[in-house]
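Following: one structure in structure tokens, then a few remarks.
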Amino acid sequence: MSASAADIASRLVRDYVDETPQRLKVIDAYMAFCVATGLVQFAYCVLVGTFPYNAFLAGFGSAVACFVFAASLRIKTNPKNAAQFSGSPESAFAEFVFCHIVLHFIVANFLG
């Protein structure tokens with residue numbers, strides 16, 4: 001009963017494509033974008049330098065916070081988690097947007 005890593009990976013991808021709703025796939029793509037943005041900013045900081053440091057902290061913190069907000073949105077809009085959360089997916093999206101607005105005010109304030 002041992003399966004190879006390739007078999008496990010192909011089944012994982014197949015199940016993700018077949019069983020994950022389109023709305024969650026869009027959120028997953030946004031989460032991947034947030035991770036890529038954070039990695040690019042971190043690589044730039046390592047390779048080029050940290051001047052201005054506030055800008056790096058604001059950008060990297062924003063990427064991390066956006067990922068966390070998207071993870072919360074994904075959990076709340078997943079149909080399999082409907083019994084655990086009260087409220088509609090629309091209210092979860094409204095919370096997501098409100099948190100982003102507050103976050104970007106904080107980031108703009110932190111930049112000076």
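We count residues from 1, following the sequence as given.
Closest approach of H104 to C66, counting heavy atoms only: CE1-SG, 4.4 Å. For F110 against N54, the heavy-atom pair with the smallest separation is CE2-O, 3.4 Å. Pairing each heavy atom of R23 with each of T77, the nearest pair is CD-CB, 4.5 Å. Nearest heavy-atom pair, F96 versus F69, reported as atom, atom and distance to 0.1 Å: CD1-O, 3.6 Å.
A salt bridge links D15 to R11: one of the charged nitrogens lies within less than 4.0 Å of a carboxylate oxygen.
Follow the hydrophobic side-chain contacts under 4.5 Å out from F98 and you never reach F85; the two are in separate clusters. Under the 4.5 Å side-chain heavy-atom criterion for Ile, Leu, Val, Met, Phe, Trp and Tyr, V35 and I27 are members of the same hydrophobic cluster. Residues L39 and L47 are members of separate hydrophobic clusters, defined by side-chain heavy-atom contacts under 4.5 angstrom among Ile, Leu, Val, Met, Phe, Trp and Tyr. Residues Y44 and V64 fall into different hydrophobic clusters, defined by Ile, Leu, Val, Met, Phe, Trp and Tyr side chains chained together at heavy-atom separations under 4.5 Å. Under the 4.5 Å side-chain heavy-atom criterion for ILVMFWY residues, a single connected hydrophobic cluster contains both L24 and M31.
To the nearest 0.5 Å, the span separating CD on E19 from CZ on R14 amounts to 9.5 Å. Note that CG of L57 is 12.0 Å distant from OG of S62, once rounded to the nearest 0.5 Å. Here the OG1 atom belonging to T20 is positioned 8.0 Å from the CG atom belonging to N78, to the nearest 0.5 angstrom. Note that the CZ atom of F67 and the OG1 atom of T37 stand 12.0 Å from one another [nearest 0.5 Å].
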Stepwise side-chain hydrogen bond (donor to acceptor under 3.5 Å, both in side chains) test for S4 and D7: CA-CA 5 Å; S4 70; D7 293 337; 3.2 Å; yes
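Under the rule for a side chain to side chain donor-acceptor pair (under 3.5 Å), the partners of Y16 that lie at least two apart in sequence or sit in another chain are D28. Take E90 and apply the side chain to side chain donor-acceptor pair (under 3.5 Å) test, not counting sequence neighbours, and it matches S88.
Counting heavy-atom neighbours within 6.0 Å of Y30 OH, excluding the residue itself, gives a total above 12.
Using modelled atom types, no side-chain atom of S91 and backbone atom of G87 make a donor-acceptor pair closer than 3.5 Å.
Contact check for C45 versus F60: no side-chain heavy atoms found under the 4.5 Å cut-off. A 4.5 Å side-chain heavy-atom check between Q84 and K76 finds every atom pair outside the cut-off.
Using cut-offs of 30° and 60° on the angle between ring planes, the pair F56 and F42 is tilted.
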